[in-house]
Amino acid sequence: MGKLLHQRGWRTVFTVAERVNAWATLVGAIERGYSEAIYEYTHDLYCRDWLHLAWLLLDDRIVQLWTPQIKLWTTGTGPPPSTTTE
């Protein structure tokens with residue numbers, strides 16, 4: 001998936017796990033009060049954009065695997081991982 005999106009213009013070959021973790025980290029940062037400037041915020045949102053594009057191309061098994069974790073993090077009912085965004 002990451003290679004296909006890279007061929008379509010994304011700067012890096014990301015994995016679904018990397019982008020899901022980046023999204024969860026961003027959600028956690030926003031919930032705590034995002035302290036960065038607008039430039040960093042729009043940059044950090046790219047993980048969401050990548051996931052949106054990837055979701056349309058992923059097979060059902062992968063979507064079913066990751067969807068519950070994303071829902072937990074975006075609803076605030078689960079802890080985001082302690083990784084940082086890129």
Side-chain angles (χ1 to χ4, degrees):
M1 180 54 44
K3 288 181 183 179
L4 177 61
L5 290 175
H6 180 62
Q7 291 170 350
R8 292 183 178 185
W10 285 86
R11 65 179 170 83
T12 304
V13 177
F14 295 111
T15 66
V16 173
E18 289 171 328
R19 298 293 77 197
V20 168
N21 287 337
W23 173 247
T25 300
L26 177 59
V27 168
I30 291 168
E31 288 174 345
R32 291 185 302 277
Y34 194 80
S35 62
E36 301 295 330
I38 189 68
Y39 174 79
E40 285 81 11
Y41 178 72
T42 56
H43 177 265
D44 290 346
L45 281 177
Y46 282 121
C47 61
R48 180 197 62 186
D49 298 342
W50 189 96
L51 285 168
H52 175 76
L53 293 173
W55 236 240
L56 302 173
L57 303 170
L58 291 170
D59 64 54
D60 288 341
R61 183 183 63 81
I62 300 297
V63 170
Q64 290 174 1
L65 175 71
W66 286 103
T67 297
Q69 290 177 310
I70 291 172
K71 285 184 179 180
L72 281 175
W73 296 325
T74 57
T75 60
T77 57
S82 60
T83 59
T84 59
T85 57
E86 298 173 15

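Here the structure is a predicted model, which is why all the values come from computation and not from measurement.
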| request: Pick out which of Val16, Thr15, Asn21 makes a side chain to side chain contact (heavy atoms under 4.5 Å, CB included) with Glu18. | output: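 Going through the options one by one, the only one that passes is Thr15.
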| Do Leu5 and Arg19 have side chains that get closer than 4.5 Å, going by heavy atoms? |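 When only atoms from C-beta onward are counted, Arg19 and Leu5 do not touch, as no gap falls below 4.5 Å.
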| Within a strict 4.5 Å, meaning less than it, do heavy atoms of the Asp49 and Trp10 side chains meet? |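 Asp49 reaches Trp10 side chain to side chain.
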| request: Kindly indicate whether the side chain of Asp44, heavy atoms from C-beta on, has any atom under 4.5 Å from the side chain of Tyr34. | output: yes
| query | Any link between Tyr39 and Tyr46 through a network of hydrophobic side chains (Ile, Leu, Val, Met, Phe, Trp, Tyr) touching at under 4.5 Å? | reply | no
| Any side-chain heavy-atom pair from Glu36 and Tyr41 closer than 4.5 angstrom? |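 Sidechains of Tyr41 and Glu36: no contact.
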| query | What's the spacing between His52 NE2 and Leu57 CG if we round to 0.5 Å? | reply |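 Spacing of NE2 (His52) from CG (Leu57) equals 10.0 Å.
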| request: To the nearest 0.5 Å, tell me how far Glu31 CD sits from Leu26 CG. | output: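 These two atoms lie 10.0 Å from each other.
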| field | Single-linkage hydrophobic cluster, 4.5 Å side-chain cutoff, Ile62 and Val13 together | value |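 Looking at the clustering, Val13 is in a separate group from Ile62.
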| Would you call Val20 and Trp50 a side-chain contact if the rule is heavy atoms closer than 4.5 Å? |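 In short, these two side chains do not touch, never coming nearer than 4.5 Å.
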| request: For the pair Gln64 (side chain) and Arg61 (backbone), establish whether a donor and an acceptor sit closer than 3.5 Å, ignoring hydrogens and angles. | output: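 Not at all, since once roles are kept as given, no pair shorter than 3.5 Å links the two residues.
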